[in-house]
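Right, one structure below, let's go through it.
The chain is numbered in sequence order, starting from 1.
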Amino acid sequence: MTASLTIPALTEDLKGVLIDADTIRKRVADLARQIDKDYEGKGELLIVGVLKGAFIFTADLTRALTKEHVVDFIALSSYTGDKTTGNVRLLMDTRQNMENKHVLIVEDILDSGYTLDYLIRTFKTRKPLSVKTAVLLDKPDRHIVPVEIDYCGFTIPDVWVVGYGLDYNEKHRTLPYIAEMYPQK
């Protein structure tokens, strides 16, 4: 028995679909193949998903990997409403020891760069073999802090997006696509 997937219709606050579900699925599979290739024959891989926004991307990416790996999560906050504060707060730390492991941070979006820069610097103090990043969406026009992305899903313009893990005030997080929102007042 095959379940059919109903694609939710756009609501009045959504301008349109920016990246459809099929395009996301194909790109995540491509990223997984590249990660498998890059880590082939290397030591243990620890994947750290950044909650809440990257939980769907992390799940889909890790299911597509053939490289043996362990998954952990971290929760941070650098936003108040729809504005970045520039201050990153640790809400929940990882549970896995990173020492002598390859660490791959999985993030939903690179916007200002504050969060990813904080994570990279923090994780490097934990003596991993390497720290790399996989980012679903990159907004280069919003970068304040320079951060290197090792695996990038899509580059997008400076618009507010939701879906596939990303939200606006906890709404639209589970949409199977990335949608652009109308500017919020």
Side-chain angles (χ1 to χ4, degrees), residues 18-79 88 90 92-98 100-126 128-156 161-167 173-178:
L18 194 60
I19 307 168
D20 65 73
D22 194 46
T23 302
I24 294 170
R25 191 173 21 265
K26 289 175 184 171
R27 184 65 184 133
V28 170
D30 289 344
L31 291 171
R33 279 190 291 278
Q34 185 62 51
I35 291 166
D36 279 335
K37 180 181 171 193
D38 291 351
Y39 286 97
E40 186 177 344
K42 293 190 176 177
E44 190 172 344
L45 177 60
L46 172 60
I47 296 175
V48 180
V50 181
L51 294 175
K52 292 181 190 174
F55 84 101
I56 294 175
F57 179 39
T58 303
D60 287 350
L61 182 66
T62 56
R63 285 187 298 224
L65 290 172
T66 59
K67 164 75 177 166
E68 190 173 321
H69 59 274
V70 173
V71 179
D72 201 350
F73 291 94
I74 193 164
L76 306 158
S77 176
S78 65
Y79 276 81
V88 179
L90 179 64
M92 180 187 86
D93 205 347
T94 59
R95 294 186 175 149
Q96 295 292 316
N97 181 358
M98 294 180 185
N100 297 318
K101 297 176 185 172
H102 295 283
V103 176
L104 179 63
I105 300 167
V106 179
E107 176 66 295
D108 57 353
I109 191 164
L110 177 56
D111 193 349
S112 65
Y114 289 122
T115 301
L116 209 48
D117 176 65
Y118 171 86
L119 280 176
I120 293 167
R121 287 185 294 106
T122 299
F123 287 179
K124 284 183 176 179
T125 67
R126 298 178 182 183
L129 294 173
S130 67
V131 176
K132 289 191 175 184
T133 59
V135 175
L136 178 65
L137 303 173
D138 180 24
K139 284 186 182 180
D141 294 342
R142 301 269 306 160
H143 294 188
I144 296 170
V145 177
V147 177
E148 184 177 331
I149 302 173
D150 298 289
Y151 306 98
C152 182
F154 305 94
T155 300
I156 63 169
V161 290
V162 293
Y164 200 73
L166 293 101
D167 74 298
R173 193 180 295 281
T174 58
L175 292 172
Y177 49 78
I178 304 290

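Partners of R63 under the salt bridge (Lys or Arg N to Asp or Glu O under 4.0 Å) rule, at least two apart in sequence or in another chain, are D60. Taking the side chain to side chain donor-acceptor pair (under 3.5 Å) definition, one finds that D117 meets it with R121, sequence neighbours left out. Checked against salt bridge (Lys or Arg N to Asp or Glu O under 4.0 Å), K37 has no partners two or more places apart in sequence or in another chain. Applying the side-chain contact (heavy atoms from CB on, under 4.5 Å) test to T174 and every residue at least two apart in sequence or in another chain returns nothing. Residues meeting the side chain to side chain donor-acceptor pair (under 3.5 Å) test with T125, sequence neighbours left out: none. Partners of Y151 according to the side chain to side chain donor-acceptor pair (under 3.5 Å) rule, which considers only residues two or more places apart in sequence or in another chain, are D38. H69 is linked by a ring-ring contact (aromatic ring centres under 6.0 Å, His included) to nothing, counting only residues two or more places apart in sequence or in another chain. Qualifying salt bridge (Lys or Arg N to Asp or Glu O under 4.0 Å) partners for D167, counting only residues two or more places apart in sequence or in other chains: R173. Shown here are the salt bridge (Lys or Arg N to Asp or Glu O under 4.0 Å) partners of D93, two or more places apart in sequence or in another chain: R126. Scanning for side chain to side chain donor-acceptor pair (under 3.5 Å) contacts around Q96 gives an empty result, with sequence neighbours left out.
Put simply, NZ on K101 and OG on S130 are 12.5 Å apart, with the number rounded to the nearest 0.5 Å. Note that NZ of K124 and CG of L119 are 12.0 Å apart. Values are rounded to the nearest 0.5 Å. Taking CD1 of I35 as the reference point, atom CG of L31 lies at 6.0 Å (rounded to 0.5 Å). D111 contributes atom CG, which lies 10.5 Å from atom CG of L137 (distance to the nearest 0.5 angstrom). With values rounded to the nearest 0.5 angstrom, I56 atom CD1 is found 13.5 Å from L61 atom CG. Interatomic distance, CD1 of I105 versus CD1 of I149, reported as 11.5 Å (0.5 Å rounding).
Under a 3.5 Å cut-off, the side chain of T23 and the backbone N or O of I19 do not form any donor-acceptor pair. Judged by distance alone, the side chain of D36 and the main-chain N or O of K67 form a donor-acceptor pair under 3.5 Å. The closest donor-acceptor contact from the side chain of D72 to the backbone of R95 lies under 3.5 Å.
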What donor-acceptor contacts under 3.5 angstrom involve side-chain atoms of residues 44-55, with partners at least two apart or in another chain?
residue : atom : partner : partner atom : Å
K52     : NZ   : E170    : OE1          : 3.3
K52     : NZ   : E170    : OE2          : 3.4

* Determine, stepwise, if the pair D138 / H143 fulfils side chain to side chain donor-acceptor pair (under 3.5 Å). => CA-CA 9 Å; D138 180 24; H143 294 188; 2.6 Å; yes
* To do: In sequence, state the C-alpha distance, the side-chain angles, and the governing distance for L90 and I74, and then conclude on side chain to side chain contact (heavy atoms under 4.5 Å, CB included).
  => CA-CA 8 Å; L90 179 64; I74 193 164; 3.7 Å; yes
* May I have the step-by-step check of side chain to side chain contact (heavy atoms under 4.5 Å, CB included) for Y164 and L175, ending in yes or no? => CA-CA 5 Å; Y164 200 73; L175 292 172; over 6 Å; no
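Closest non-hydrogen pair, F57 versus V135, comes out as CE2-C, 3.9 Å. When every heavy atom of I156 is checked against every heavy atom of P140, the shortest pair comes out as O-CD, 3.8 Å. Pairing each heavy atom of P176 with each of A21, the nearest pair is O-CB, 3.2 Å. Closest non-hydrogen pair, F154 versus I24, comes out as CZ-CA, 4.0 Å. When every heavy atom of F73 is checked against every heavy atom of M92, the shortest pair comes out as O-CE, 3.7 Å. Nearest heavy-atom pair across G113 and L110 is CA-CD1, 3.5 Å.
Taking the side chain as every heavy atom from C-beta outward, L136 and I109 never approach each other to under 4.5 Å.
In this structure, Y39 and H102 have perpendicular ring planes: the angle between them is above 60°, well past the 30° mark.
Sorted by first and then second residue, the salt bridge (Lys or Arg N to Asp or Glu O under 4.0 Å) pairs with a member in residues 144-154 form an empty list; sequence neighbours excluded.
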